[in-house]
Amino acid sequence: MTIRPILIHPDPRLKKVADAVAEVDDTLRTLAADMLETMYDAPGIGLAAPQVGVMQRVITMDCVKEEGEDPRPMVLINPRVTWASEETSSYEEGCLSIPEQYADVERPAEVEVTWMDLEGATQSERFGGLWATCVQHEIDHLDGKLFIDYLGSMKRQMITRKMQKLKRERARA
Ligand code: K1U
Ligand code: ZN
């Protein structure tokens with residue numbers, strides 16, 4: 001397994017719509033394993049394939065927070081929201097592609113998601129709490145959308161400028 005570099009905003013690949021996966025093969029299994037390792041290493045609770053420069057509809061998640069609770073690594077291929085609650089909830093979101101920036105984002109509090117697993121079987125589950133926030137954040141990545149796109153343009157521009165500066169500094173180091 002390999003830790004892959006995570007793209008930092010602004011990057012054109014983070015604004016593109018990712019392609020649906022046609023079949024699960026060894027390349028996809030390697031991508032999924034690398035994404036889980038990259039996510040845990042970051043550390044993060046989610047990761048979408050475009051964040052590692054792969055334009056395919058694959059996400060990983062593990063939102064287990066409690067110490068002593070078993071981890072729940074999840075790989076979701078071609079995930080789609082099939083139902084969303086009218087009730088919303090607000091969570092202070094972060095993003096591994098926008099380091100050290102956080103903002104409150106309001107989203108449906110519960111969602112039902114259908115996806116293909118690594119065996120090629122269709123799965124469906126209702127998510128709530130942090131899992132619901134995370135799965136929506138990750139599916140947004142597959143559609144070229146970032147959490148800062150929910151903010152006002154002033155705040156978004158300010159964060160984008162900070163990220164441009166961070167990328168310049170990292171390139172010089
Ligand atoms: O997609 C990503 O960029 C990953 C992102 C997912 C996410 C976080 C918060 C709300 C919605 C989606 C992250 O994992 S940022 C890091 C983070 O939240 C975290 C890191 C370590 C422990 C706990 C949380
Ligand atoms: Zn993100």
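Note that ligands are numbered from 1 as they come in the structure, with each ligand's atoms numbered from 1 the same way.
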*Asks:* Salt-bridged, Asp62 to Arg72, with N to O below 4.0 Å?
*Replies:* no
*Asks:* Heavy-atom distances under 4.0 Å are what count here, so tell me which part of Glu138 touches ligand 1: side chain, backbone, both or neither.
*Replies:* side chain
*Asks:* Could you tell me whether Glu93 and Arg107 make a salt bridge, using a distance below 4.0 angstrom between a side-chain N and a carboxylate O?
*Replies:* yes
*Asks:* Tell me the protein heavy atom at minimum distance from atom 14 (O) of ligand 1, and give that distance in Å.
*Replies:* Ile45 N, 2.7 Å
*Asks:* What atoms of ligand 1 come within less than 4.0 Å of a heavy atom belonging to His141?
*Replies:* 1 (O), 3 (O)
*Asks:* Which of the numbered atoms in ligand 1 are below 4.0 angstrom from a heavy atom of Cys95?
*Replies:* 3 (O), 15 (S)
*Asks:* Pick whichever of Ser97, Pro99, Gly94 has a heavy atom sitting closest to atom 9 (C) of ligand 1.
*Replies:* Gly94
*Asks:* Looking only at distance, does Gly44 have an N or O less than 3.5 Å from an N or O of ligand 1?
*Replies:* no
*Asks:* Rounded to 10 degrees, what angle sits at the Zn ion (ligand 2) between His137 NE2 and Cys95 SG?
*Replies:* 120°
*Asks:* Tell me whether Asp143 is salt-bridged to Arg57, with the criterion being a basic N under 4.0 Å from an acidic carboxylate O.
*Replies:* yes
*Asks:* Which one holds for Gln51 and ligand 1: side chain close, backbone close, both close, or neither close, with close meaning a heavy atom under 4.0 Å?
*Replies:* side chain
*Asks:* Identify the heavy atoms of Thr114 and Thr122 that sit nearest to each other, and give their distance.
*Replies:* CG2-CG2, 3.7 Å
*Asks:* So, is the end of the Lys145 side chain (NZ or CZ) under 6.0 Å from the ring centre of Tyr150 and within 45° of the ring's axis?
*Replies:* yes
*Asks:* Give me the nearest non-hydrogen protein atom to atom 3 (O) of ligand 1 as residue plus atom name, then the distance to 0.1 Å.
*Replies:* Leu96 N, 2.7 Å
*Asks:* Would you confirm whether Ser97, through its side chain, and His9, through its main-chain N or O, come within 3.5 Å as a donor-acceptor pair?
*Replies:* no
*Asks:* Out of Gly46, Ala42, Pro43, Ala132, who gets a non-hydrogen atom closest to atom 16 (C) of ligand 1?
*Replies:* Pro43
*Asks:* Got a donor-acceptor contact below 3.5 angstrom from the Gln136 side chain to the Ala132 backbone?
*Replies:* yes
*Asks:* Which word best sums up how the rings of Trp131 and Phe127 line up, parallel for under 30°, tilted for 30 to 60°, or perpendicular for over 60°?
*Replies:* parallel
*Asks:* Please check whether His137 reaches ligand 1 - meaning an N/O of the residue sits under 3.5 Å from an N/O of the ligand, judged on distance alone.
*Replies:* yes
